[in-house]
A.B. asks: 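Have a look at the structure that comes next, please.
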Amino acid sequence: MTLKEEISKRRTFGIISHPDAGKTTLTEKLLLFGGAIQTAGAVKHNKIKKAATSDFMEIEKQRGISVATSVMAFDYNEYKVNILDTPGHKDFAEDTYRTLTAVDSVILVIDCVKGVEEQTRKLMEVCRMRNTPVIVFINKMDREGRDPYDLLEEIDKELSIHTRPLSWPIGIGSEFKGVYNLFDKTLQLFSGDKSKVSENVIAVDDLKDPMLNKYVGEDYANKLREDAELIEGVYEAFDLNLYREGYLAPVFFGSAINNFGVKELLDTFVKIAPPPQPRVVDERVIKPEEEAFTGFVFKIHANLDPNHRDRIAFCRICSGKFERNRFYYHTRLDKKVRFSSPVNFMANDKSVVDEAWPGDVIGLYDTGNFKIGDTLTEGEKLQFKGIPSFSPEIFKELVNKDPMKTKQLEKGIRQLTDEGVAQLFVQTLGNRKIVGTVGELQFEVIQFRLAGEYGASCEFQPKDYYKACWFTSDNKEQLDKFFVVKPNNIAFDKENRPVYLSESAWMLQKAQETYPDIKFHFTSEFAVNEKLQIR
Ligand code: G4P
């Protein structure tokens, strides 16, 4: 198969949702339909339950298991589907954000009872940054959920995307009769039998057909006729390009647990979702069909078992063909590297892979050479910059408890933050190290790993910061003044970019007013964003 053919059959995507909306269930059902697993329940162990928050070792154990399910590849018809798993646990949200840099599209799962929730908003913000195409799956239609029009309006408004229903529900909850596919003009009747796939698909080309009354009852049939007319009048027509540009989000309704609406979703997904897309690097735009191989590391998974200190770096292939045992150029370290046992992931299995193509994700065993964002090429000096860091939510100062182990502590905290466990900000004044995370769990992880892997002992002192904002300005005078006035609130990230640690929303607002020429950025990706907007 040629490079072009390999690219056109690949679909690399992520499933995102607020915890409990049904991401795990949907993933599992997609794998079942794809023939990648045979029984339900196989993916469940991957889920980190909320109850386990206080026991991070338990979580890490589960994360260990989840290495195998970090990428779930399967063949479906003529397509090769790569699902990139995103951790559901909120404390690992940064992992999810990074994974979203490696996908070409997403399926967003929304619980029809709860609608748009907090994590949904944050995840969609990340998708909006790159105009990632989104398909919405409104789940749990077997429950007494909200009115579908309200749900769509809420999604449009809160997630700044234009929805376009491609299927429409008939009834909801105990009265849920099924869905009408507005695209294929078929009626699918709901059976509520978890053990079976609904095969009840009936072609209904014309909704005026009196047979419709027989299938769903006269009242529901009339309601569907009205709804269909209204939808055609109110919503813009489905346009593939608008979807692929991330402007229009097709919507499906279903019930993952009941296998309802899932096959339909998958069938449409493989047809409309984009194949591997170009990637913006600092120097230029990389197209997947370029012959020379390029790839970047978006996730690093450390093995916490002291007997196996290896790490796996997850590399997304962006262009060309990757081959085992060939030398590639590690652009940050400026050296040649070779991988004798790269792995790919097929549902619950991983196996050594000889070659891989754009859109694929391979696991590279690593002894400390990689950090997030590292780039591999055939010799060209390129650097992926699109891996965002968001302003952390919790800040603590790292305090060394054993002065004899200062070096180990320095090395340890640098390596752990390279892996993306947390963000590190260093204040020039006194070389104070502020660690920022999105969840409390990471502090436990760091403390434990610094002791276990580096022999360093530390303590964390809470810092009452509200946000960390990267800042830039062309006005040197204002910038200099800001540095002089705010030394206690300024630190540098690992790339040596200045960051303002603000104690409150009010202080941030004050700073913005006092220094109007200074731009404050809430993600580290501001440079790429600007570039993307220009594009
Ligand atoms: P998540 O990965 O997004 O966190 O969600 P997950 O799939 O684990 O689903 C969360 C809960 O919602 C699960 O119940 C699951 O069975 C249920 N669920 C998923 N899809 C549907 C659906 O279409 N209809 C209904 N009614 N429920 C659905 P749980 O009680 O938390 O877990 P479990 O005991 O069933 O494993």
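Whatever order the structure lists them in is the order used to number ligands and atoms, beginning at 1. As the structure is a computational prediction, the values presented were derived from the model and not from experiment. Side-chain atoms are counted along with the backbone in the values below, which use heavy atoms only and exclude waters and symmetry mates.
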A.B. asks: Taking only heavy atoms of S255 into account, list the atoms of ligand 1 that are under 4.0 Å away from them.
C.D. replies: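 Going through ligand 1 atom by atom, the ones under 4.0 Å from S255 are 22 (C), 23 (O), 24 (N).
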A.B. asks: Taking the side chain as everything from C-beta on, heavy atoms only, tell me whether R121 gets closer than 4.5 Å to L159.
C.D. replies: yes
A.B. asks: Using distance alone, decide if ligand 1 has a nitrogen or oxygen within less than 3.5 Å of any nitrogen or oxygen in A256.
C.D. replies: yes
A.B. asks: Is it the case that K396 places NZ or CZ above or below the six-membered ring of F443, under 6.0 angstrom from the centre and within 45 degrees of the axis?
C.D. replies: yes
A.B. asks: Run the contact test for N258 against ligand 1 with a 4.0 Å cut-off on heavy atoms, strictly below, and give the result.
C.D. replies: no
A.B. asks: Just jot down the ligand 1 atoms closer than 4.0 angstrom to any heavy atom of S17, in number order.
C.D. replies: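 Heavy-atom distances to S17 below 4.0 Å select 3 (O).
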A.B. asks: Test of understanding: given a 4.0 Å heavy-atom threshold, classify the contact between T24 and ligand 1 as side chain, backbone, both, or neither.
C.D. replies: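 T24 to ligand 1: contacts from backbone and side chain alike.
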A.B. asks: Does any N/O atom on L26 come nearer than 3.5 Å to any N/O atom on ligand 1?
C.D. replies: no
A.B. asks: Kindly state whether the ring of F137 and the ring of F252 have centres lying under 6.0 angstrom apart.
C.D. replies: no
A.B. asks: Could you tell me, atom by atom, which parts of ligand 1 come under 4.0 Å of a heavy atom of P19?
C.D. replies: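 That gives atoms 4 (O) of ligand 1.
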A.B. asks: Which of parallel (below 30°), tilted (30 to 60°) and perpendicular (above 60°) describes W168 and F253?
C.D. replies: perpendicular
A.B. asks: Using a strict cut-off of 4.0 Å, indicate which atoms of ligand 1 neighbour a heavy atom of K23.
C.D. replies: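 Per the distance check, 1 (P), 2 (O), 3 (O), 5 (O), 7 (O).
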A.B. asks: Just by distance, no angles: are the side chains of Q423 and T437 close enough, under 3.5 Å, to form a donor-acceptor pair?
C.D. replies: no
A.B. asks: For atom 28 (C) of ligand 1, which candidate among K140, Q119, E28 holds the nearest heavy atom?
C.D. replies: K140
A.B. asks: Pair R164, E236 - check salt bridge (Lys or Arg N to Asp or Glu O under 4.0 Å), show working.
C.D. replies: CA-CA 7 Å; R164 193 346 164 159; E236 43 193 315; over 6 Å; no
A.B. asks: Which ligand 1 atoms are under 4.0 Å away from a heavy-atom of D20?
C.D. replies: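 So the atoms of ligand 1 that pass are 1 (P), 3 (O), 4 (O), 5 (O), 10 (C), 12 (O).
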A.B. asks: Against the six-membered ring of F395, is K463 placed for a cation-pi contact (under 6.0 Å from the centre, within 45° of the normal)?
C.D. replies: no
